Amino acid sequence: MDRTAQLIARPAEFTAVYDPSAPPGPPHLRAVHDGAVKVLEGNWTGTSTVPSRRLYPHQWSWDSAFVAIGLRHVSPLRAQTELETLLAAQWGDGRIPHIVFNPSVPLDAYFPSPDFWRSSTAGRAAGAPRTVQTSGIVQPPVHALAAWLVHRADPGLSRARGFLARVYPRLAAWHRYLLHRRDLGGAGLVCVVHPWEQGMDNAPSWDAPLSRVAPAPARSFRRADLDHGAAEDRPTDLDYGRYVRLATDYRDAGYADGRGDFAVEDPSFNALLIASEHALARIARELGATATARHARAERLTAALVERLWDPVEGMFFCRDVRGAESQGRRRGGCGPVPGPGHGGGERGPRPEDARVRSDSDSGARPQDPRAGTRAGSEARPWGDPTGEGSSPRSRPADDPTGARAGFGTHPEADPAGEGSGPRSRPGYAAVGAGDADRGDPTGARADFETHPEGAPAGEGGTPQPRAEGDPAGERGGSQPRPQAVEVRAGGGSGPRPDDALIRERGVSGLVPLLLPDLPREVVAGVVRTLRGPHFGVGTTTRLVPSYDLLAEAFDPHRYWRGPAWFNTAWLLERGLRLHGHLAEADALRQDVLDTAPASDFAEYVDPYTGEACGATGFSWTAALTLDLLHQHTATDKGGDRG
């Protein structure tokens, strides 16, 4: 064991709080269970789980969410602790940093290290914590989904510990940060400002936006990842130089959003936010609050996702290069995207023309765009007040994400629903003044839950309607009527969104929205066809879902996110296939994970054709998600715990 592994090893006196018994089944599946538990036990530090002892010796944000989803089957208490440890490092502005650093790990064990990010000083204006060192960027918001699934594993323990009541305000602040600060394209979707934020670090989708970024000099940093991984499996030095430049500029700007050269609307990141918004609605309901407004917001975000990023011809979603579109707009004389919050702009008119519908001069007919039947839900209200509630909170202090001070969260934790008073009677909330509606709010991010303390999402009151038998998660129902469909068509907007703003690289991110319950049927069918087709080969030529187009010139079966298969994306797509009734495909993908994960020694990622291990072995989320799929058949309600 090297020095880094020794330093982050759990204390000798620590005793695992486990029920490690394997679920009933054949002996080989019990062996898979035991192997996965051993990985998670070996990577546990006492308060959190490292992704890999040597390559990733700190706590990573979305890794911990996936780890908690698996841990709940053997230790719900430890799964809760995993999320609580991460959320304790949340910044005042609501962001959850992508790394929480272990102070006992040497600085040279991982780059970028704490002395690069300088979170407590460079992030002071954004409310970075003073007692723990973190990075300044984020990762995909899987956390509310993880928290809900962890609660479901042992509701009695969760309620006794007040788990959901404690994490809900922080999760709500996290979503608010994304929906307010990161809508850089002005259409409601969240932008990532660094490739590391999306989690698929060197995916080909980033090549075009990164080409505008001057790389940091190679002598200005040292790559610790190459000490533990083969160079041919990792991002190139040129990629790394650009990553460092973007992170340096973001840090030197005080981690203020909206100023950098990189801003991309990514389908996977936004889909995970939507899935977590549905989960946050479930949490709100469990705490005694209404959840209809959150479900409605998730539906509006789904509509925006389809409108902005779906290509019906290619049968998948693509990233949108917001900064590239802006520069194209300037070259054409100001026909760029509508500015996002805090970037100026007047009252919103009709939706812009869809970039993926060809002009009259284009030759050939395109298939009917399934977005014509997409649900929207905010059209009947002014853009600035999507819920029609007419009130908005004051800005919260940067170091107070949960609203515990200044009247933003006057209800105690024992009253997370804030049932004692209505939103207008609570201190700290003022009516919207003249001009507030001019800012634009296409997805309702500022109205539905911002007029209430964190424990009380806005709603019409009353109780939710019973869930349909085929909808155990309650994601398709609730007491609020479904928003009316709105046709999205060319020629009805304030200006064209250029086709070339979409980054037409077929990556697995463009398939992940399959996990959303409100996708139009045509979109679901298109994604499934693409998943099974020659570009991804699932069920035909590949063992697991490749991270990138098999037929593309840049495909490399071993280089990080440019081709290898990853177990977290397989888990997400298995979930989506099952949700939409493609049970045979879901069962086959589940079995492929259960076969490949232990055979690869729970590798970080694998060759999609052969299953050969790549990157680190003994990787935590691989073990955790294998456990989750292994325990899947023990769920008691129809559809398992897919809420």
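In this chain, residues are counted from 1 in sequence order. Quick caveat: nothing in here was measured; it's all calculated off a predicted structure.
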Checking Gln139, His98, His143 against Ser61 for side-chain hydrogen bond (donor to acceptor under 3.5 Å, both in side chains), the one that qualifies is His143

[Y] side chain reached by [X] side chain, heavy atoms, under 4.5 Å:
X	Y	result
Val508	Leu573	yes
Val593	Leu625	no
Arg590	Arg578	yes
Pro564	Pro546	no
Glu574	Leu577	no
Leu164	Ser158	yes
Phe269	Val264	no
Phe318	Ile503	no

Stepwise salt bridge (Lys or Arg N to Asp or Glu O under 4.0 Å) test for Asp207 and Arg562: CA-CA 11 Å; Asp207 291 354; Arg562 301 180 82 87; 2.8 Å; yes

Keeping the roles fixed (side chain from [X], backbone from [Y]), state whether a donor-acceptor pair exists under 3.5 Å.
X	Y	value
Glu82	Thr49	yes
Ser509	Ser268	yes
Ser276	Leu273	no
Glu604	Ala616	yes
Arg242	Leu210	yes
His194	Tyr243	yes
Arg78	Leu71	no
Asp601	Ala603	no
Thr542	Pro608	no
Glu505	Gly507	no

Does the pair Trp44 and Thr81 meet the rule for a side-chain contact (heavy atoms from CB on, under 4.5 Å), with working shown? CA-CA 11 Å; Trp44 174 248; Thr81 302; 4.2 Å; yes

Do you know which two heavy atoms are closest between [X] and [Y], and how far apart they sit?
X	Y	result
Val213	Leu246	CG2-CD2, 3.9 Å
Phe66	Ala624	O-CB, 3.6 Å
Ala275	Leu515	CB-CD1, 3.3 Å
Leu544	Leu589	CD2-CD1, 4.0 Å
Val50	Ser620	O-OG, 2.7 Å
Trp117	Gly136	CE3-N, 3.4 Å

Parallel, tilted or perpendicular, as decided by the 30° and 60° cut-offs, for the rings of Tyr56 and Tyr110: tilted

Look at the aromatic rings of Trp60 and His58 and report parallel, tilted or perpendicular, splitting at 30° and 60°. tilted

Salt bridge between [X] and [Y], side-chain N to carboxylate O under 4.0 Å?
X	Y	value
Asp628	Arg72	yes
Glu197	Arg182	yes
Glu84	Arg166	yes
Arg506	Asp311	no

Taking everything shown except Arg532 itself, do over 12 heavy atoms lie less than 6.0 Å from its CZ? no

Nearest 0.5 Å please: distance from the [atom1] atom of [X] over to the [atom2] atom of [Y].
X	Y	atom1	atom2	result
Arg308	Phe317	CZ	CZ	13.5 Å
Phe567	Phe602	CZ	CZ	9.0 Å
His535	Leu531	NE2	CG	12.5 Å
Asp595	Leu29	CG	CG	8.5 Å
Asn43	Trp621	CG	CH2	13.5 Å
Leu272	Leu516	CG	CG	8.5 Å

Go through His278 and Trp148 one step at a time and tell me if the side-chain contact (heavy atoms from CB on, under 4.5 Å) criterion holds. CA-CA 10 Å; His278 279 302; Trp148 175 246; over 6 Å; no

Verdict with supporting geometry, Trp206 and Phe262, ring-ring contact (aromatic ring centres under 6.0 Å, His included): CA-CA 9 Å; Trp206 314 132; Phe262 186 99; 5.8 Å; yes

Only residue of Val523, Val528, Leu579 satisfying side-chain contact (heavy atoms from CB on, under 4.5 Å) with Leu514 is Val528

Report the C-alpha separation of Val527 and Thr530 in whole Å, then their side-chain angles, then the decisive distance to 0.1 Å, and conclude whether the side-chain contact (heavy atoms from CB on, under 4.5 Å) test is met. CA-CA 5 Å; Val527 171; Thr530 301; 5.7 Å; no

When you look at Tyr560 and Trp566, which way does the ring-ring contact (aromatic ring centres under 6.0 Å, His included) test go after all the steps? CA-CA 9 Å; Tyr560 219 44; Trp566 290 71; 5.4 Å; yes

Pair Val138, Trp174 - check side-chain contact (heavy atoms from CB on, under 4.5 Å), show working. CA-CA 10 Å; Val138 303; Trp174 168 221; 3.6 Å; yes

